[in-house]
Structures are given as structure tokens and as C-alpha cells.
Amino acid sequence: QVQLVESGGGLVQAGGSLRLSCAVSGRTFSSGAMGWFRQAPGKEREFVAGISWSGRMKYYADSVKGRFTISRDNAKNTVALQMNSLKPEDTAVYYCTARATMVVRTTADDWDYWGQGTQVTVSS
């Protein structure tokens, strides 16, 4: 079984930065893709960013390109999301997720493991 635990959420003013971290335990996850999704109240869970097992391939939603950066450290079993130039529309619960296979997918149903989520609130 895989456990994912997020940290780093909070309240920040528009234009500010936050760094989310996700600690993975329970299995060796270096062979699987990792990602971040978010869900705002009343909205569907949406893809934010994904990273391949090697860390060389990174994918971003258009809404966060140029502002967010995903990274992973397989030796430490962690994945991070650096979020800069935050906007009020970035407010959501952010979820760390993992797949058993190496390919990044943008649909939530294609991911196998999920963290409990961390709240990010951006004030205007």
C-alpha cells in the first residue's frame, strides 16, 4: 500500500509563493509517475502538474504554466510543487497523487494513490 502525505498549504496574498511537499511511503515509487491535482468548491478535480518517473518529463495545466514547478527526489521519496505568482483562482485543496506506471495522465481516474489534500487559499 502507498501512503501520500502533503504539507505546505496555507494562506497567502495574491502574487505570493507557496511550496507544497508530498512524502511517499509504503513502496518504492521511483518507477511511477507523480502529480498534483486541485479541487475548488463546487468544481471538478483538475490536473495541475505531473512528472515522469525519471523526473525528465514535466507537464503542466495551461493555467499554471510559467508559475508552478514540479520536482521529485526519488532518493527521499518526495515530490514538490513550487507555486509562484499565486492568484485568487488558485485557491483550492491540492492533492498529491501517484501512478503505478511511468506515464503522466491528466485525468484523475487514471491515478492510483491519493493524499488527503492540503488547503491553499490566495487572498486578493
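- Note that the OG atom of Ser123 and the CD atom of Gln13 stand 5.0 Å from one another [nearest 0.5 Å].
- Residues Thr107 and Arg105 bring no donor and acceptor atom of their side chains to less than 3.5 Å of each other.
- Under the 4.5 Å side-chain heavy-atom criterion for grouping Ile, Leu, Val, Met, Phe, Trp and Tyr, Val93 is not connected to Leu4 through any hydrophobic cluster.
- No path of Ile, Leu, Val, Met, Phe, Trp and Tyr side chains, each step under 4.5 Å between heavy atoms, connects Val104 with Ile51, placing them in separate hydrophobic clusters.
- Ring-plane geometry between Tyr94 and Phe68 is classed as tilted, the angle between the planes lying from 30 to 60 degrees on a 0 to 90 degree scale.
- Closest non-hydrogen pair, Tyr95 versus Gln116, comes out as CE2-O, 3.6 Å.
- What you find for Leu86 and Leu18 is that their closest heavy atoms are CD1-N, 3.8 Å.
- Here Asp73 contributes atom CG and Thr78 contributes atom OG1; the two are 4.5 Å apart, rounded to the nearest 0.5 Å.
- In this structure the side chain of Trp53 never reaches within 4.5 angstrom of the side chain of Thr101, judged on heavy atoms.
- Counting only residues at least two apart or on different chains, no salt bridge (charged side-chain N to carboxylate O under 4.0 Å, His left out) pair has a member in residues 9-18.
- Applying the salt bridge (charged side-chain N to carboxylate O under 4.0 Å, His left out) test to residues at least two apart or on different chains, the pairs with a partner in residues 35-47 are Arg38-Glu46, Arg38-Asp90.
- The only option from Thr91, Val122, Thr121 that meets the side-chain contact (heavy atoms from CB on, under 4.5 Å) definition with Val12 turns out to be Val122.
- The line from CD of Gln119 to CG of Leu11 is 9.5 Å long, rounded to the nearest 0.5 Å.
- When all heavy atoms of Met34 and Cys96 are compared, the closest pair comes out as CE-SG, 3.9 Å.
- Heavy atoms only, all atoms of each residue included: Thr106 and Phe37 are closest at O-CE2, 3.7 Å.
- Linking ILVMFWY residues whenever their side-chain heavy atoms come closer than 4.5 Å, directly or via other members, leaves Val79 and Trp111 in distinct clusters.
- Counting only heavy atoms from C-beta outward, the side chains of Met102 and Ser52 never approach each other to under 4.5 Å.
- Side-chain contact between Leu20 and Met83 is present, with at least one heavy-atom pair separated by less than 4.5 Å.
- Side-chain heavy atoms closer than 4.5 Å link hydrophobic residues (I, L, V, M, F, W, Y) into clusters, and following such links, possibly through other members, connects Tyr60 to Trp36.
- Nearest heavy atom pair, residue Ala14 against residue Ser124, reads CB-CA, 4.4 Å.
- Residues Tyr59 and Phe47 come closest through the heavy atom pair O-CZ, 3.8 Å.
- Within the 3.5 Å criterion, the main-chain N or O of Arg19 finds no donor-acceptor partner in the side chain of Gln82.
- For Ser85, the side chain to side chain contact (heavy atoms under 4.5 Å, CB included) criterion is met by Arg67, not counting sequence neighbours.
- Listed for the Lys58 side chain is no donor-acceptor partner under 3.5 Å among the backbone atoms of Thr69.
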